[in-house]
Amino acid sequence: MNPYLQMTKEVQDALNEGKPVVALETTIISHGMPYPQNIEMARKVEDIIRENGAAPATIGIMNGRIRIGLDAEGLEAFANTPHVEKVSRRDFAHILSAGKIGATTVSATMIGAAMAGIEVFATGGIGGVHRDGENSMDVSADLTELARTNVAVVCAGAKSILDIGRTLEYLETQGVPVVGYKTDEFPSFYARESGFGVDFRLDTPEEVAAMLRTKWHLGLAGGAIVANPVPAEYAQPADKMEAVIRQALDEANAQHIAGKRVTPFLLGRIKELTGGSSLDTNIQLVYHNAKVAAEIAVALKAK
Ligand code: PSU
Ligand code: MN
């Protein structure tokens with residue numbers, strides 16, 4: 001095993017026995033939600049994965065190790081330590097060698113998952129091409145990671161803080177399949193709609209597993225997006241979110257927020273401006289993604 005990896009017994013046993021495992025990210029805990037909702041979400045999402053037949057592996061960097069699976073203390077540290085670093089591919093080696101605590105984004109979590117041999121990852125939303133990204137060149141490292149690392153990412157699409165059309169164009173260029181899970185439309189996180197289609201629609205975990213196995217058997221490197229819309233009863237109206245997002249974007253521009261601070265700033269402002277009603281949507285869609293990810297991980301082990 002890679003000497004930088006430190007696994008929980010639950011994950012180690014599952015991997016040794018060829019049982020399904022689902023990766024989870026820590027940026028969503030440290031930078032995506034307030035305490036204590038983040039720790040409640042982090043615990044419950046693990047239970048949902050277990051209930052659906054897989055072992056949960058929440059991934060983060062701590063004390064010079066890549067943690068694959070976190071115990072209660074580990075989860076608490078990511079949920080409630082001030083100034084946890086946000087780690088994408090670029091930051092990974094530095095945060096590890098410096099012994100800092102680093103919450104992994106989608107890109108960094110995919111790296112850790114692939115090192116451990118985990119094929120499926122559940123999260124909320126992915127990063128993408130930001131609005132005005134054609135000028136700022138602010139394109140999330142999540143997209144290039146999806147092009148090179150063999151991990152399927154189950155998400156509720158991308159928030160419309162992003163330019164969803166350009167995000168999908170970029171994914172096409174990078175050869176990343178965008179699967180609509182029981183949907184023909186790419187979802188926009190809070191809303192089930194975005195106005196953009198998916199590359200193809202699949203309706204069962206077995207079909208998704210078959211596509212992934214075939215892709216990887218062929219040696220077509222890279223992951224895939226499994227876009228799973230938020231359940232209708234928890235969705236928010238897209239027009240209400242658009243007004244909030246525009247205000248948050250205006251504030252980010254006025255305050256010259258750039259680089260890795262952009263996404264956490266926007267997420268934080270959206271939460272404040274919606275008075276927390278968006279937080280429940282956010283949490284529920286993560287639970288739904290965890291369930292679907294576990295089902296896909298189970299189906300992949302049967303292939
Ligand atoms: N989008 C969300 N919630 C999140 C993120 C994105 O709706 O928590 C986090 C994820 O960890 C994602 C990261 O990988 O933000 C992308 O950051 P950036 O835009 O700086 O690449
Ligand atoms: Mn960025």
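A quick note: this is a predicted structure, and the numbers were derived from the prediction, not measured. In listed order, ligands and their atoms are each counted from 1.
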What are the atom names and distances for all N or O pairs under 3.5 Å between ligand 1 and the protein?
from: ligand 1; atom 1: 7 (O); to: Lys159; atom 2: NZ; distance (Å): 2.4
from: ligand 1; atom 1: 11 (O); to: Glu25; atom 2: OE1; distance (Å): 2.6
from: ligand 1; atom 1: 14 (O); to: Val106; atom 2: N; distance (Å): 2.8
from: ligand 1; atom 1: 14 (O); to: Asp142; atom 2: OD1; distance (Å): 3.2
from: ligand 1; atom 1: 14 (O); to: Asp142; atom 2: OD2; distance (Å): 2.7
from: ligand 1; atom 1: 17 (O); to: Lys86; atom 2: NZ; distance (Å): 3.2
from: ligand 1; atom 1: 19 (O); to: Thr263; atom 2: OG1; distance (Å): 2.6
from: ligand 1; atom 1: 20 (O); to: Lys86; atom 2: NZ; distance (Å): 2.7
from: ligand 1; atom 1: 21 (O); to: Ser140; atom 2: OG; distance (Å): 2.7

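Between Arg131 and Glu242 there is a salt bridge, since a side-chain N of the basic residue sits under 4.0 Å from a carboxylate O of the acidic one. Checked for salt-bridge contact, Asp184 and Arg201 meet the test: a charged N lies under 4.0 Å from a carboxylate O. Residues Asp47 and Lys44 are not paired through a salt bridge, judged by the lack of any N-O separation under 4.0 Å between the basic side chain and the carboxylate. We find that Glu134 and Arg166 are joined by a salt bridge, their nearest charged nitrogen and carboxylate oxygen being less than 4.0 Å apart.
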Inset, instruction - Would you check, one step at a time, whether the test side chain to side chain donor-acceptor pair (under 3.5 Å) holds for Glu76 with Tyr35? - result: CA-CA 10 Å; Glu76 186 69 28; Tyr35 189 84; 2.6 Å; yes
Inset, instruction - Test Gln284 against Thr281 for side chain to side chain donor-acceptor pair (under 3.5 Å), laying out the working first. - result: CA-CA 5 Å; Gln284 294 299 331; Thr281 304; over 6 Å; no
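Between Ile59 and Phe121 the shortest side-chain heavy-atom distance does not fall below 4.5 Å. Using a 4.5 Å cut-off on side-chain heavy atoms (C-beta onward), Ile101 and Glu85 make no contact. Counting only heavy atoms from C-beta outward, the side chains of Asn52 and Val298 never approach each other to under 4.5 Å.
Around the Mn ion (ligand 2), protein N, O or S atoms at less than 2.8 Å comprise Asp138 OD1.
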